[in-house]
Structures are given as C-alpha cells and as structure tokens.
Visitor: 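Mind looking over this structure? Questions follow.
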Amino acid sequence: MPTRTNESLPDPMPTHDDDRRSRLIGLAFLLLAPPAYGLLTLAFGMDANWDLRNYHWYNGYAMLTGRIGRDLLAAQMPSFYSPFLDVPFYWLATHLPARAAGFLWGTLQGINLSLLYVLASSSLRNVPPLKRTLTAMVLAAMGGLGGGTLGLIGTTFQDNVVSLGVLGAAAVVAGSLPGILDGRALPSFARVAAAGLLAGAAMGLKNPTVIYAVGLCLGFLALPARPWRRLWLAFFFGIGVLAGLALGGGVWMAHLWHDYGNPVFPHMNHIFKSPFAALSDYVNVGFFPPGPWQRLFFPFVFTVSPLTVGEVPWFDLRVLALFVLLPAGFACAVAGRSMGKRTDWLTEVPATRFLLAAMTVTYALWVAMFCIYRYLVPLEMLAPLGLVMAVGLLPLARRLRIGLAVALLALVQLTVQPADWGRVAWPKGTDDRWVTAEVPPIADPDDTMVLMAGYWAISHAIPSFPPRVTFVRIQSNFLQPDSVGNGYLAIMTDKVASHRGPFLMLSTIPDTAGAAKAAELLGLRVDTQRCRPVPNNLGETLNLCAVDRAGGKRETVE
C-alpha cells in the first residue's frame, strides 16, 4: 500500500486564535498601507511631470474658476479632457503645503494596496487564515512597488487613481465567488452590477480604462458555471459599467456633445465627424510596434527597450513573466484535464479563471489600442497575484510550485527600476506651494489677452496671472494658425480678431521665434526685444513678450 507523502496531507485545522490573529493583521494592513504609501510618496520628491505642466494643473484650475470656454486651448488638445480627476489634486495642492498635499495624494493612491489585499485574500481562501493573510499582504505590497507603479507614485497621471475602480471591481467579484456562480439570482446580479459600476466610473473618468472594463466583463465567461449564468453575470456587469460610465463621465461627455457634436472630442472624430476637428481618430500611434511580430511578442520588446512604450526608461519583469507563464499554465491545465489529471491550484479555481481571463483580454486590448505602458499600470499591480495563479497551473508538485512562485516574485521585485517622469525637491520655507510662477506686472490685466504658442508645457503658469486675463493658444498639438480641415481654427481666429484690448505672447524662450511666426499668420507681430522672463519652479523660464497689431499699435509689459 503506497505511503502518503507529507505534501498530500491536509493543512491543520485553523484555531480560533489563528482566525483572530489573521483578521487583526489583515485589518492593520488595510488601514496602514495607504498612509504608509503616502509617506513613501514624500521620499520620491514632488511631481513635476510634463502632463502636470501641460494640463493637469490648468484643467483643475479652469474647472474650479469657471474658465472653461473663456480660455481657448490653453492646455493644447488635453483642454478637452475631463477635468474631474484634476480638481481634487489642484484643490489640495493650493490649500495645503506641498508635502501635506503630496502625502494625502499618495495615501489616496495607496488605497490600491488595500484593494489588492482584499482581492488576493479572496483568491486564497483555500489557504489557512494566517498564511492567507501574510501572503495577501506580500502580494498587495508588491502590487504597489512595480516599475511603472512606483514611477506614478504621487503624480497626476491618474492611471493609479482610476485603478481604484478597476481593482475595486475585481475585489467585489472575487469576494462574491463562488456564491454568484449558482446562488440566488438577484443578489448575485446586484453584486456584479456594483462591480461594473466601479469599473465604468473609472472608464468615465479616464477613457483608456475601457480595456479593463471589457476585460473584466469577458472574464465572467471563463467562470466554472452554467453557460447562461456566465452570460447573465457578464450582462449585469456590463449594465453596471454603463451606469458607472454615465456617473464618472456623463456630464463631461454631454458637454462635449453639446459644444462639439462628439462625446469624446476630438477622439474618434472620423466616426462622429465634428466640424471642429479634423476627420481623424486622434490616436497616438507613436508607440505602436512597427510590425506584427513585434506586436505579437511585445513584452519581450518593451522590457528591454522601455522607450518603445513610454517617454522615460524603467524596468520590470512582471508583465513579461506573465506573458510567458500564463499561456504555459493554460496549456498544462487543458492538457491535464484532457488526460483526466487534476492538479490542485495554488489559488481558488473560480477567482483564478476569472482574473487570468480578464487580464488576458485587457492586455490584448492594450496592445491593439494603445501600447502606452502607463495605461497598463493597473495590470502591473495585479501581476504578482497573477503570477502566483499562473504558476499554480503548472503540473508540478505543490511545494515546487510554491518555491518557484516565491523565487519568481523575488526576482521580479529585486530587479525593479522605477520610471521617473520628472520630479523636483519639495519646496522649503514660507512659499511651500506646488506651483509658483513670478509673473511681471501687466498694465491692463482686465482687457489683456495672452496668446500662447509653441508645443511645450506652459499652462501651469496661468493661475499665477491676474484672474481677468484671457488665454488663447494659437499654436498647439491640436491646432496651428495654418491648419487645414480643422473647424476650430475659425473659433480661435474669431476670438483673437474680435479682441480690442492689448495682446501679449507667452511661450518658452526657445519657442519664441516660432511663436512670432505663428502670430504673423494672424496679423500680429511679437516684439522679441520687449520680453520679460516668467520664472517658475517646475520647468524652464518662460517668456512674456509684447505684441503689436498689424496697424502698428504697441502693447507693453511694465
């Protein structure tokens, strides 16, 4: 008679003390992880990324001060992006010292760790309580320490803010398994609809998050349930997504539809055909791989050449490891099932099938639609748990799989090199503000229009100007004075032509010559001999120059 090995022996029954201890440890992690992440934010320095200077700071300011529609294209094409995520950051950073605002913003982003813990714990119900809690804590902490995720800590890119909706949706679903597979219909469908609401709200606040909403929705089709049950779960999750989309993005989409005839203006304008933009999809194809083979094996490409998917270098192996292990694990699971062999997975079967399917669909949509790594950061956060799930599918002894997962996670974490999209030292002294700019006196601010030109990020300086000054960008990544096929040009030229007060020109110093040429196309002349510097704490010194009308009237900067 064969001897039973220790590996096949069941784990000892957990005691009441184990349950209580695990609950207390888990609760402590849930409460302490976000502020700990906020403290970690302070160690990375103050965010000064290009997008913050180009539109995140200005859009929040414009929303709070009623400047939307008064200024034109001040933040270039992102002037049309939803400002709702930028408002809370701008409010914090203008009402609190910079370090305090950074801590709170990092703490908000740290809630991702709490959600990852809930998700991992729900996926490890087949593990004794104390081991489950400690393992979930490690996986959650690793989720916040990836190369892209650490690069985003304390920043305003918002990919690690909308991730709260994505991870929240996944946590609700995982926490509802396996009950929703065959439990009472109404509570089950209500739970998945609530999860869809979270994913849809994230999508409404930042549109590229659509890849996660679709991935999670299709993940229900992989659940071990009756076919019609899977379809109903996916259907009600989709209903929740639509409701969340309306909640998170409905107001802004209605504004864009009303003003421009395109609810995602200017994107997808080849479909909506708004007369205020070119007939283009306005998709950034700069990061798309050059050929089908590069696209097929893209993780190998961007892991060694990160600039193919972003503006700055970084290093992280977890997406590549998932790309290799997940198909291998899936093939082994299918082969084992066809031969009648069954391996107990390291994680619960329903949660494993749901999450790995959702991650697979999400990645496929990302590589087809965007190829910008920042948009993949929520998946990077999920990757440590996903790696444990993928290793658990391999036909190896349980202890060997656990050892392999531990070694792989250690390798992944020890080789991380965070991205850096631009930071500066935290300000000291009495002027402890996130953004400062020294604007020279303006003779007649109530009637002055400041033109903006060049393609650099300069709108962060606008809140430092007198509030009655109007800003119109005549040259940007959306519109130039000689644009063809863009109906917004008429709006811009009419606004400039109808202005009867003084003009000034704001640009970077290297862009001043190009700004002068753009102004000439509108019948204006920039006097480069009468410019004043606008020093600021986040970027290079800007130039504020006098502008003369074609008739020769001279405007001055005091």
Side-chain angles (χ1 to χ4, degrees), residues 50-51 54-56 58-60 62-63 68-69 71-86 156-159 161-162 165-166 199-215 241-242 244-289 309-311 362 364-378 455 457 459 473 475-480 483-492:
W50 198 92
D51 283 5
N54 185 50
Y55 74 98
H56 288 301
Y58 169 81
N59 281 5
M63 183 69 181
I68 295 174
D71 298 335
L72 288 186
L73 296 176
Q76 306 197 65
M77 189 169 77
S79 300
F80 303 111
Y81 293 177
S82 170
F84 295 130
L85 283 175
D86 299 322
T156 57
F157 286 109
Q158 314 297 9
D159 302 283
V161 174
V162 293
V166 174
M203 174 182 163
L205 291 168
K206 185 161 185 174
N207 294 155
T209 315
V210 60
I211 59 177
Y212 297 95
V214 175
V241 167
L242 293 177
L245 176 62
L247 182 66
V251 171
W252 189 252
M253 293 173 73
H255 156 68
L256 294 178
W257 179 265
H258 177 270
D259 285 8
Y260 306 111
N262 178 347
V264 291
F265 185 85
H267 298 290
M268 299 178 67
N269 205 49
H270 62 304
I271 296 175
F272 291 100
K273 294 180 171 55
S274 167
F276 301 109
L279 296 181
S280 168
D281 55 10
Y282 285 91
V283 171
N284 182 357
V285 299
F287 296 109
F288 282 7
V309 290
E311 306 85 357
T362 294
L365 291 173
W366 174 82
V367 81
M369 297 171 62
F370 299 116
C371 297
I372 297 173
Y373 189 77
R374 283 192 291 104
Y375 300 167
L376 206 61
V377 159
Y455 302 96
S459 70
R473 190 154 197 157
Q475 184 185 46
S476 67
N477 56 19
F478 175 73
L479 184 70
Q480 297 81 41
S483 292
V484 176
N486 190 332
Y488 206 90
L489 179 61
I491 298 176
M492 184 267 286

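We number each residue from 1, following the sequence as shown.
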Visitor: As a quick check of understanding, evaluate ring pair (Phe, Tyr, Trp, His ring centres under 6.0 Å) for F265 and F276, giving each step before the final call.
Guide: CA-CA 9 Å; F265 185 85; F276 301 109; 7.2 Å; no
Visitor: What pair of heavy atoms forms the shortest contact from G215 to T362, and how long is it?
Guide: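 For G215 versus T362, the nearest heavy atoms are CA-OG1, 3.7 Å.
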Visitor: Is there a donor-acceptor contact under 3.5 Å from the side chain of W252 to the main chain of V264?
Guide: no
Visitor: Going through the distances and angles, do L489 and L479 end up as a side chain to side chain contact (heavy atoms under 4.5 Å, CB included)?
Guide: CA-CA 7 Å; L489 179 61; L479 184 70; 3.9 Å; yes
Visitor: Starting at CG of L72, measure out to CD1 of I491 and round the result to the nearest 0.5 Å.
Guide: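 Going from CG on L72 over to CD1 on I491, the span is 7.5 Å.
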Visitor: As an exercise, state the distance from CG of N59 to OG of S459, rounded to the nearest 0.5 Å.
Guide: 7.0 Å
Visitor: Which atom pair, heavy atoms only, marks the closest approach of M369 to V283?
Guide: O-CG1, 4.2 Å
Visitor: Check for a donor-acceptor pair, side chain of K206 on one end and backbone N or O of M203 on the other, with a separation under 3.5 Å.
Guide: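 It does not hold such a pair.
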Visitor: Looking at side-chain heavy atoms only, is the closest gap between F370 and L365 below 4.5 Å?
Guide: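 Heavy-atom side-chain distance check fails, nothing below 4.5 Å.
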Visitor: For the side chain of N269 and the backbone of N262, is there at least one donor-acceptor N/O pair under 3.5 Å apart?
Guide: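 Flag not set: sc N269 to bb N262 has no pair under 3.5 Å.
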Visitor: Sub-3.5 Å donor-acceptor pair from the side chain of N54 to the main-chain atoms of Q76, do we have one?
Guide: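 A pair under 3.5 Å: no.
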Visitor: Taking atom CE of M268 and atom OG of S274, what is their separation to the nearest 0.5 Å?
Guide: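 These two atoms lie 13.5 Å from each other.
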Visitor: Considering only heavy atoms from C-beta outward, does the side chain of Q158 approach that of L205 to under 4.5 Å?
Guide: no
Visitor: Minimum heavy-atom separation for A75 to Y55, with atom names?
Guide: CB-CB, 3.4 Å
Visitor: Could you check whether any side-chain N or O of N486 sits under 3.5 Å from a backbone N or O of F478, counting only pairs where one atom can act as donor and the other as acceptor?
Guide: yes
Visitor: Go through the side-chain N and O atoms of D281 and H270 and say whether any donor and acceptor fall under 3.5 Å apart.
Guide: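 Distance-only check fails for D281 and H270.
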Visitor: How long is the gap from OH on Y212 to OG1 on T209, to the nearest 0.5 Å?
Guide: 7.5 Å
Visitor: Minimum heavy-atom separation for H267 and Y282, please, with both atom names.
Guide: ND1-O, 2.9 Å
Visitor: Can you find a pair of side-chain heavy atoms, one from Y81 and one from D51, that are under 4.5 Å apart?
Guide: no
Visitor: Return the minimal non-hydrogen interatomic distance between M492 and R473, and the atom names on each side.
Guide: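 Taking every non-hydrogen atom into account, CG-O, 4.1 Å.
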Visitor: In the structure I gave you, are the side-chain heavy atoms of F272 and Y260 within less than 4.5 Å of one another anywhere?
Guide: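 Side-chain contact under 4.5 Å: no.
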Visitor: If you round to the nearest 0.5 Å, how far is CG of L85 from CZ of F157?
Guide: 14.0 Å
Visitor: Rounded to the nearest 0.5 Å, what separation is found between the OH atom of Y488 and the OG atom of S79?
Guide: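 OG of S79 is found 7.5 Å from OH of Y488.
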Visitor: Please name the pair of heavy atoms, one in V241 and one in A213, separated by the smallest distance, quoted to 0.1 Å.
Guide: CG1-CB, 4.1 Å
